[in-house]
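Atoms within a ligand are numbered from 1 in the order they appear, just like the ligands themselves. Just so it is clear, the structure is predicted and the values come from calculations on it, not from any experiment.
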Amino acid sequence: MFTGPGRASLVLLILGLAAGACTPSPANEVPPTIAKGSVADAATSARAPFVRVIGSVQDGGFPHAACRGVACRKAREESKQRYIASLALILPASGKLYLFDATPDIREQLDLLNDVRGKLPDGVDRSPVDGVFLSHAHMGHYLGLAFFGFEAVHTQELPLYSTPRMAAFVRENGPWSQLVGKSNVDVREVEPGARVELEDGVSVTLVPSPHREEYSDTVGFLIRGPHRTVLFVPDTDAWHSWAPPIEDWLERADVALLDGTFNSGAELPKRSVEEIGHPLVTDSLDRFEALIGAGREIAFIHMNHSNPILIEDSPEAEAVTGRGFSIAREGMEFDL
Ligand SMILES: [Zn+2]
Ligand SMILES: [Zn+2]
């Protein structure tokens with residue numbers, strides 16, 4: 001079903017179910033970015049737009065920071081590091097490249113895109129991506145922005161798409177305000193529910209997602225291509241708190257990458273399910289199984305280090321794949 005970076009794309013089995021489906025009327029259309037940017041090489045330029053998973057785990061990473069649990073120790077010893085949840089959108093025809101979230105693992109994640117960034121300069125590429133969409137202000141989702149600043153890549157007017165609340169957080173708090181002051185980024189506000197038109201017939205709609213709102217609101221993303229649509233909701237409260245229901249968004253997508261932070265309450269024995277504040281994978285399997293039957297693909301992403309579905313061949317991982325779902329990992333690709 002999936003390909004690794006640099007390998008040929010596999011034909012995905014699910015055909016464009018939602019390409020023509022309705023989306024919320026855009027309240028704030030943002031013009032596409034043009035001119036400067038990366039140049040795709042000949043090998044990828046003929047390909048349709050696609051999304052690549054460049055990170056799959058929760059904000060603390062895997063192995064998790066300072067964790068000496070069995071799974072983290074094993075991942076460390078066997079060099080089976082995973083990166084924090086993030087997607088790249090690759091538009092081979094126009095040579096554009098967009099990131100969904102900027103994680104603390106961004107240095108390594110940019111390297112997962114070297115094959116699609118075309119001819120790279122000898123020194124630092126000051127324009128490694130053409131835009132970044134931010135979901136919210138929790139540490140795993142935006143700290144990587146710092147690498148676009150003065151001390152590191154030093155980008156110029158890198159488009160940063162976010163909700164107005166997230167934009168205000170960036171403008172009003174250091175060190176992010178320095179990125180704005182030095183014109184490393186160009187903050188572009190997009191209302192939740194609104195759509196941004198990009199190049200090559202691809203658009204991105206910000207999907208309002210209920211989630212703890214300490215510093216900003218939270219959005220997921222509906223990424224629509226010429227043929228297929230990918231829904232990315234990596235970090236959210238339980239599905240019952242969605243209004244309208246998550247199914248309204250799933251109906252528009254061929255592929256969905258959904259919050260799989262915790263597999264079951266067994267991972268957090270001292271906390272109630274209500275306190276956990278994420279949908280449990282076991283509940284999502286029951287809730288969405290019928291959608292899989294309808295030919296849709298659903299993969300879990302943003303797994304916590306405690307989640308046994310991170311361990312290949314664990315009974316919990318097999319329960320997921322046995323019911324037709326997938327578990328996201330770095331290198332998976334989905335054509336749009
Ligand atoms: Zn997170
Ligand atoms: Zn979060």
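Using a 30° and 60° split on the angle between ring planes, H138 and H136 fall in the perpendicular class, above 60°. Between Y142 and F169, the ring planes lie perpendicular to each other; the angle is over 60°, past the 30° to 60° tilted range.
Checked against F62 for a side-chain contact (heavy atoms from CB on, under 4.5 Å), the options I84, V57, N307 give a single hit: V57.
Residue D59 does not count as close to the Zn ion (ligand 2), with no N, O or S atom under 2.8 Å. Look at H138 and the Zn ion (ligand 1): no N/O/S atom of the residue is under 2.8 Å from the metal. Between the Zn ion (ligand 2) and H136 there is an N/O/S contact shorter than 2.8 Å.
Restricting D235 to its N/O/S atoms, the shortest distance to the Zn ion (ligand 2) is reached by OD2.
Centred on the Zn ion (ligand 1), the angle running from H141 (NE2) to H302 (NE2) is recorded as 110°, rounding to 10°.
Of all the heavy atoms in A253 and R296, the pair that sits closest is O-NE, 2.7 Å.
Of the inter-residue distances, the one linking F325 atom CZ with E297 atom CD reads 11.0 Å to the nearest 0.5 angstrom.
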